[in-house]
Amino acid sequence: MTETAAYYSGNYRNVFKELGFSNEEIQDRIDDTWNKLFTDENKETQIYYPVGNDKAYMLDTGNLDVRTEGMSYGMMMAVQMDEKDVFNRLWNWTYQYMFMTEGENAGYFAWSCNPDGTKRSYGPAPDGEEYFALALFFASHRWGDGQGIFNYGKQARDLLRTCLHKGENEIGHPMWNLENKLIKFVPNVEFSDPSYHLPHFYELFSLWAYPEDQDFWKEAAAASRAYIKKSCHSKTGLAPEYAYYDGTPNNENGYGHFFSDSYRVACNIALDYEWFKDEQCPVDVAYRIQQFFADKDPEDYRRYTIDGEPFEEKALHPVGLIATNAFASLATDGPNAEKLVKLFWETPVRTGERRYYDNCLYFFSLLALSGNFKIWKANS
Ligand SMILES: O[C@@H]1[C@@H](O)[C@H](O[C@@H]2CO[C@@H](O[C@@H]3CO[C@@H](O[C@@H]4CO[C@@H](O)[C@H](O)[C@H]4O)[C@H](O)[C@H]3O)[C@H](O)[C@H]2O)OC[C@H]1O
């Protein structure tokens, strides 16, 4: 770790500004995008839907469901934007409809619900829980703790405790493998999803979780950095959607290739580098991914094997892929980094039924590349 890391310096790179865009242009783009996603002024791009006076959900417009992924992403976006009402509405909906109180997954959140709040599944997806936890810590630090479910700090610590200790005194399984410290795809299986690995989150959990869990999170950060490197192809940098613990693709159900989930790996490397600059952060992977995509036509983005062979099938979320390839530039420099950020800047948010996932990645990339995806510490 170096003193130049944002965690220590409090300074965040503004890649758009480095490329010559003005502060005003950048802020306008952020505000305009927020309005497109979070207000109903533009129904073509909206993914946030208020319900009554105190709840709201993020709609996966392609699958017509509400996912812990989207709810936790929405909460992270809201805390970064200082939108407390949006944050509280999303968390209130999440807690009311997604939290499970019985069965093997009690203490976790159902990963998919209908917009009316009924559950579609009684299983969790760990990428939701880890995003909920950090969004809650940031809310606690930015706005202070309230009562009940709005005691954000306690909610985050309790949730992380469940993630590691589930199954010790009751049925169920932890979300991390306690031996190798790797996050699982879902609690009852023993393989992973490379895009779930967030070493920069675990660094912060190692400071803010209950004391008895802090060492685990520190070790998990190191394990995840090594795992990202192992699971990404040595030449293309591409990660499969699902992978075994040794990093090789898990293609048992067709998820062993570079497709939608995989895009987020580039973002996770880049934000980890920005926040912590750990020497084990696999920045070389971010360079390889950018090299792979630099000369490809976005109209022709496909599903790829991780060694770079294209399938016939087109990418389902090309705007999301443009956004994540640009996000990688937070950790890289040079012509590819510049070209991919400019491509992203020129790309509008997505409209139509598949817009949810693309536009989530789009907004995260805007925040990150403008220096607005920040660590909120206590009293900051
Ligand atoms: O019984 C269990 C099932 O409950 C278990 O369900 C899995 C739970 O995690 C799901 O993963 C989420 C959905 O996909 C990813 O993002 C999507 C990327 O593609 C986009 O098109 C889409 O809009 C995005 O949501 C999320 O990051 C994950 O949280 C997984 O799909 C379920 O199968 O599976 C095992 C059973 O035993």
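Counting convention: from 1, in listed order, for ligands and their atoms alike.
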Please identify which of these residues, Leu367, Leu366, Val86, meets the side chain to side chain contact (heavy atoms under 4.5 Å, CB included) condition with Trp34.
Val86
Who's the nearest protein heavy-atom neighbour of atom 9 (O) of ligand 1, and how far?
Ala125 CB, 3.3 Å
Measure Asn63 to ligand 1 on non-hydrogen atoms and call it side chain, backbone, both or neither using the 4.0 Å cut-off.
side chain
Side chain, backbone, both or neither: which applies to Glu104 and ligand 1 if a contact is any heavy-atom pair less than 4.0 Å apart?
neither
I'd like to know if Glu203 pairs up with Lys218 as an ion pair, taking the criterion as any Lys NZ or Arg NE/NH1/NH2 lying under 4.0 Å from an Asp or Glu carboxylate oxygen.
yes
Using the six-membered ring wherever Trp is involved, compare the ring planes of Tyr242 and Phe191 and label them parallel, tilted or perpendicular (cut-offs 30° and 60°).
tilted
Kindly determine whether His257 and Phe311 satisfy ring-ring contact (aromatic ring centres under 6.0 Å, His included), including the steps that lead there.
CA-CA 10 Å; His257 304 301; Phe311 287 84; 4.7 Å; yes
Using a 4.0 Å cutoff against the non-hydrogen atoms of Gly123, which atoms of ligand 1 qualify?
4 (O)
Starting from atom 19 (O) of ligand 1, find the nearest protein heavy-atom neighbour and note its residue, name and distance.
Ser260 CB, 3.5 Å
Describe, in one word, how the ring planes of Trp143 and Phe87 are oriented to each other, choosing from parallel (under 30°), tilted (30 to 60°) and perpendicular (over 60°).
perpendicular
Heavy-atom distances under 4.0 Å are what count here, so tell me which part of Tyr356 touches ligand 1: side chain, backbone, both or neither.
side chain
Of all the heavy atoms in Phe259, does at least one lie under 4.0 Å from an atom in ligand 1?
no
Who gets closest to atom 6 (O) of ligand 1 by heavy atom: Trp111, Tyr131, Tyr73?
Trp111
Atom 18 (C) of ligand 1 sits nearest the protein heavy atom Asp261 OD1, 3.3 Å
Please state which protein non-hydrogen atom is closest to atom 33 (O) of ligand 1 and give its distance, to 0.1 Å?
Phe185 CZ, 4.0 Å
Going by heavy-atom distance to atom 17 (C) of ligand 1, choose the closest among Arg355, Glu69, His317.
Glu69
Consider every N or O of Tyr357 and every N or O of ligand 1, then say whether any pair is closer than 3.5 Å.
no
Atom 2 (C) of ligand 1 touched by protein (heavy atom, under 4.0 Å):
no
Roughly how far apart are Tyr356 OH and Arg350 CZ, rounded to 0.5 Å?
13.5 Å
Quick check on contacts: which atoms of ligand 1 are under 4.0 angstrom from a heavy atom of Arg264?
27 (O)
SB check Glu274 Arg13 (cutoff 4.0 Å)
no
For atom 4 (O) of ligand 1, which candidate among Ser121, Gly128, Gly320 holds the nearest heavy atom?
Ser121
For ligand 1, which atoms sit closer than 4.0 Å to a heavy atom of Asp60?
22 (C), 23 (O), 25 (O)
Pair Phe292 and Tyr304, ring centroids less than 6.0 Å apart:
yes
More than 12 foreign heavy atoms under 6.0 Å from CD of Glu168: is that the case here?
yes
Would you check whether Tyr122 reaches within less than 4.0 Å of ligand 1, judged by its heavy atoms?
no
Identify which of Tyr263, Tyr196, Tyr255 has a heavy atom lying nearest to atom 28 (C) of ligand 1.
Tyr196
Between atom CD of Gln80 and atom CZ of Phe363, what is the distance when rounded to the nearest 0.5 Å?
9.5 Å
Is atom 26 (C) of ligand 1 near the protein, in the sense that some protein heavy atom lies at less than 4.0 Å from it?
yes
Salt-bridge test for Glu212 and Arg161: reply yes if a basic N is under 4.0 Å from a carboxylate O, no otherwise.
yes
When you measure from atom 5 (C) of ligand 1 to each heavy atom in Asp127, Asn105, Val186, which option holds the nearest one?
Val186
Nearest-0.5 Å distance, OH of residue Tyr210 to CG of residue Asp158
3.5 Å
